[in-house]
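I have placed the structure first, in the form of structure tokens, so that the comments after it can refer back to it.
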Amino acid sequence: MTPAPAGPPAPGTLSAALLTTAHLPSGYVRTVLENDPPTRSNRPECVNMLNALESYRSTSPGAVEARATFAQSKSGPFLQEVLRWLPGPGARGELQQAANVLSGCGEFGLGWNDGMTGTEAVVAHGPAGIGDASWHATVTVTAETFTVQETLVLVVVDKTLVVLSEAGSPAAPSRSRTLGLARAAAARVP
């Protein structure tokens, strides 16, 4: 008799798998960041994909999600982790779609609700060699009053998409450090 396919994890199971301060470089504390993603762009597919990965909850039917945000100070660096369980081939499909869209973004214009404008540049680095499938990029936002750079890492482990980003101003912590944290996050996926 074939065992029934496993259903979605309970939200608490995913939450328990999130990184904790014990897994992070010294000085990180759990925090809540104001979520004010850009709302306008001359490349809406690019800003919409980044917002869908990092800022907004999944709208996919059956998705289960957990997230955590950490900071070393009010000015950063910052780390965000999203664990998103998706039914069927959803996690792999979401990673592939994100990689396809973001790899073609280059530099594009941005705008926020408060009228501020700037640019965002995505430099794709390709597979990261983590989990069942992975992809990573450097994302740099330059606005009128700030520059923020992040390393964005996407990892599929079974049916879970791990979205991990580490950002700093004006530059992100080293890419190798963020990739190491993504490996640690992937290893904790139930």
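In this chain, residues are counted from 1 in sequence order. In this text the structure is predicted, and so the values were computed from the model without any measurement.
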Worksheet item: Any donor-acceptor pair under 3.5 Å linking the side chain of S41 with the backbone of G109?
Response: yes

Practice prompt. Using modelled atom types only, decide if a donor and an acceptor are shared between the side chain of W112 and the backbone of T39 within a distance under 3.5 Å.
Written response: no

Worksheet item: What are the two closest heavy atoms between I130 and A182, and how far apart are they?
Response: CD1-CB, 3.9 Å

Worksheet item: Would you say V162 and W135 are hydrophobically clustered, going by side-chain heavy atoms of ILVMFWY under 4.5 Å?
Response: no

Item to complete: Indicate if L86 and V156 have the same hydrophobic cluster label, given that clusters are the connected sets of ILVMFWY residues with side-chain heavy-atom separations under 4.5 angstrom.
Response: no

Item to complete: First locate atom OG1 of T140, then atom CD of E120, and finally report the distance between them rounded to the nearest 0.5 Å.
Response: 8.5 Å

Worksheet, complete the sentence: G131 and V157 have their tightest heavy-atom pair at CA-CG2, 4.4 Å

Discussion item. Please say yes or no: joined through hydrophobic side-chain contacts below 4.5 Å, possibly via intermediate residues, are Y56 and V141 part of one cluster?
Written reply: no

Worksheet item: Is V123 reachable from V47 through a run of I, L, V, M, F, W or Y residues, each pair having side-chain heavy atoms under 4.5 Å apart?
Response: no

Item to complete: List the steps, then state whether side chain to side chain contact (heavy atoms under 4.5 Å, CB included) holds for R92 with K159.
Response: CA-CA 7 Å; R92 192 176 288 268; K159 293 184 177 203; over 6 Å; no

Practice prompt. Would you mind reporting whether V148 and P170 have side-chain heavy atoms less than 4.5 Å apart?
Written response: no

Worksheet item: Do the side chain of T31 and the main chain of L33 share a donor and acceptor less than 3.5 angstrom apart?
Response: no

Item to complete: Could you walk me through whether E81 and R67 pass salt bridge (charged side-chain N to carboxylate O under 4.0 Å, His left out), step by step?
Response: CA-CA 6 Å; E81 178 187 15; R67 58 181 58 228; over 6 Å; no

Discussion item. Could you tell me if the side chain of L24 sits less than 4.5 Å from the side chain of L79, heavy atoms only?
Written reply: yes

Worksheet item: Distance-only, no hydrogens or angles: does the D158 side chain make a donor-acceptor pair with backbone N or O of T160 under 3.5 Å?
Response: no

Item to complete: Check whether the side chains of S165 and Q80 place a donor and an acceptor atom closer than 3.5 Å, and report yes or no.
Response: no

Worksheet item: Same hydrophobic cluster for M49 and L154, using side-chain heavy-atom links shorter than 4.5 Å among ILVMFWY?
Response: yes

Discussion item. Can a donor-acceptor pair be found, under 3.5 Å and without considering hydrogens, that links the side chain of S174 to the backbone of R177?
Written reply: yes

Fill in: Flag side-chain contact, heavy atom, 4.5 Å: W85 against L161
no

Worksheet item: Atom CD of E45 and atom CG of L50: how far apart are they, to the nearest 0.5 Å?
Response: 10.5 Å

Item to complete: Give me the ring orientation class for H136 and H125: parallel if the planes are under 30° apart, tilted from 30 to 60°, perpendicular past 60°.
Response: tilted

Practice prompt. Give the intermediate values and the outcome of side chain to side chain contact (heavy atoms under 4.5 Å, CB included) for residues L110 and M116.
Written response: CA-CA 8 Å; L110 296 174; M116 186 169 54; over 6 Å; no

Worksheet, complete the sentence: Scanning both residues in full, the closest heavy-atom pair of P87 with P61 reads CG-O, 3.5 Å

Worksheet item: Does A63 offer a backbone N or O that forms a donor-acceptor pair with the side chain of S58 under 3.5 Å?
Response: no

Discussion item. If you define the side chain from C-beta out and look only at heavy atoms, does anything of P77 sit under 4.5 Å from Y28?
Written reply: yes

Worksheet item: So do E166 and L181 actually touch side chain to side chain, heavy atoms under 4.5 Å?
Response: yes

Practice prompt. To the nearest 0.5 Å, tell me how far R40 CZ sits from N113 CG.
Written response: 7.0 Å

Discussion item. Any side-chain to backbone donor/acceptor pair from T13 onto P9? Under 3.5 Å, distance only.
Written reply: no

Fill in: Nearest-0.5 Å distance that lies between atom CG in L53 and atom CG in N48
11.0 Å

Worksheet entry | Minimal non-hydrogen separation, T21 against R30, with atom names | CG2-N, 4.1 Å

Fill in: Atom of A128, atom of L179 and distance for their closest heavy-atom approach
CB-CD2, 3.8 Å

Worksheet entry | Nearest atoms (heavy-atom pairs only) where L102 meets V122 | O-CG1, 3.5 Å

Worksheet, complete the sentence: Those residues at least two apart in sequence (or on a different chain) that pass salt bridge (charged side-chain N to carboxylate O under 4.0 Å, His left out) with R84 are E65, E94

Worksheet item: Mind checking what makes ring pair (Phe, Tyr, Trp, His ring centres under 6.0 Å) contact with H23, not counting sequence neighbours?
Response: none

Discussion item. Under a 3.5 Å distance rule, please check whether R43 uses its side chain to pair with a backbone N or O of G104 as donor and acceptor.
Written reply: yes

Discussion item. Strictly distance-based, threshold 3.5 Å: is any side-chain N or O of R188 a donor or acceptor partner for the main-chain N or O of A16?
Written reply: yes

Discussion item. To the nearest 0.5 Å, what is the distance between OG1 on T151 and CG on L164?
Written reply: 9.5 Å

Discussion item. Quick check for you: to the nearest 0.5 Å, what is the distance between Q149 atom CD and T138 atom OG1?
Written reply: 5.5 Å

Worksheet item: Distance-only, no hydrogens or angles: does the N51 side chain make a donor-acceptor pair with backbone N or O of P38 under 3.5 Å?
Response: yes

Discussion item. Taking the side chain as everything from C-beta on, heavy atoms only, tell me whether V163 gets closer than 4.5 Å to V153.
Written reply: no

